[in-house]
Amino acid sequence: MSPIFVTILGSTGSIGQNTLDVIARHPDRFAIHALTAHSRMDLLAQQAFNSKATVVAVPSQTMAERFKAAWGDAPGRPEIHVGAQALVEVARDPASQSVMAAIVGSAGLPAALAAAQAGKRVLLANKEALVAAGSIFMAAVRESGAELLPIDSEHNAIFQCLPHHGRASAPLGPAPGVRRLILTASGGPFREKRWEDLAEVTPEQACAHPNWSMGKKISVDSATMLNKGLEVIEAHHLFAMPAEHISVVIHPQSVVHSMVEYEDGSVIAQLGQPDMRTPIAYGLGFPERISSGVGMLDLALTARLDFSQPDMKQYPCLALSFQALKAGQGACVALNAANEVAVAAFLDRRLAYTQIATVIETTLAWHAGQNDSELASLDDIIALDERARSAARRVLAV
Ligand code: NAD
Ligand code: MG
């Protein structure tokens, strides 16, 4: 059996590294075609060397030089492709069959979309791509016959709980008999605190997630629960479910990764350790189950599984996400862009934690006055994303 060639967009990130870990466990089944990264050229060079990648894509000539320096004299240096367009080319390169979309933020949208248009098996971790361009993305999957495997743990869980007849066919929903999708949320590190008391929170505190180890941006999003908001929007597109049929429940142990409620009263859940290698292995191996390196769940050791309703006053960013989903695609673009600007400013210590919600709310109010009925193409989305970032930066400047 010849191996499946995989490309990892964002290989140096948390998801990228976990993907390489799973792939390294199955050398007969998978091989790496291309890896991409925005920074950390030493790590990229190490990864490319270990995985025998044929191609790497980097953002600039400077980074290409750094990559070459990091590679040194070792034989078998991969081809180096440079620039944002190179990411798109790499994503649709016929040499790979599966593409892991693990760039953070809407910066990853053009490449993720290119992989979908090229009919790849797309392992989608980059939730911002679906939030910003859900309809375009899902249409591309349908038209090209791509396979779309959700990697976000909640969506992967839901996918596992839905009937899918052995193929990740698009659209993934709506499945007959499904009443409700129930996304679980850990509640983040400040679950026991009130929102008003969080003004002094530092990036280190916000990034100290109780259960998951992740990149910085998604860690902050998990603390504010904007992450869960993005995931509600993601679920809406992936599974063709209206917002009223998607709910969120706080589950501090992060053992139940999400659930599907059926008309007959059944609720099917997927459980496991909070380790992204499980959904990654599921996406890589589908429809077969392959080992991931994740330990087995010992429910007796877990002992308790708690659930509670999220308080929207404690998590204003979650409320703003539902508001954006109801308002439509343009508002979702604005929500995501404002959040990316606000979180970057918070991580840079230029914005208080609680002001993240203010920046998003003000940008959504700005967006409500815009006329963006035309969001038919990737260019329309990117143009709105840029205008929303400018609007969000104006809030920061006040
Ligand atoms: P990360 O910050 O650890 O890694 C991001 C990767 O993207 C890096 O390889 C980086 O070099 C690259 N990158 C950053 N900016 C870029 C740009 N402008 N252009 C091109 N490449 C760029 O992030 P992560 O935690 O691995 O998350 C990746 C994506 O997966 C995010 O969309 C996140 O929401 C989603 N996700 C992550 C987890 C998790 O456990 N980490 C879980 C679910 C979903
Ligand atoms: Mg998630």
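For clarity, every value in this text was computed on a predicted model and none was experimentally measured. Atoms within a ligand are numbered from 1 in the order they appear, just like the ligands themselves.
- The aromatic rings of His33 and Phe5 sit perpendicular to each other, their planes meeting at more than 60°, with 30° as the lower class boundary.
- Applying the ring pair (Phe, Tyr, Trp, His ring centres under 6.0 Å) test to pairs two or more places apart or on separate chains, those with a residue in residues 254-276 are Trp212-His257.
- Distances under 2.8 Å from the Mg ion (ligand 2) pick out the protein N/O/S atoms Asp152 OD1, Glu154 OE1, Glu231 OE2.
- For the pair His155 and Phe239, the minimum side-chain heavy-atom distance is below 4.5 Å.
- Residue pairs meeting the salt bridge (charged side-chain N to carboxylate O under 4.0 Å, His left out) criterion with at least one partner in residues 56-68, sequence neighbours excluded, are Glu65-Lys68.
- When non-hydrogen atoms are compared, ligand 1 lies under 4.0 Å from the side chain of Met276 (C-beta onward) but not from its backbone.
- Only the side chain of Ile218 comes within contact range of ligand 1, with a heavy atom under 4.0 Å; no backbone atom does.
- For Asp42, there are no side-chain hydrogen bond (donor to acceptor under 3.5 Å, both in side chains) partners two or more places apart in sequence or in a different chain.
- With distances taken over non-hydrogen atoms, the option nearest atom 43 (C) of ligand 1 out of Asp275, Asp152, Leu35 is Asp152.
- The heavy atom nearest to atom 30 (O) of ligand 1, out of those in Gly13, Ser106, Ala125, is found in Ala125.
- Between Lys216 and ligand 1, no N or O atom pair is found at a separation short of 3.5 Å.
- Considering backbone and side-chain atoms together, Gly215 places an N or O closer than 3.5 Å to an N or O of ligand 1.
- Below 3.5 Å of separation, one finds no N or O of Ala37 facing any N or O of ligand 1.
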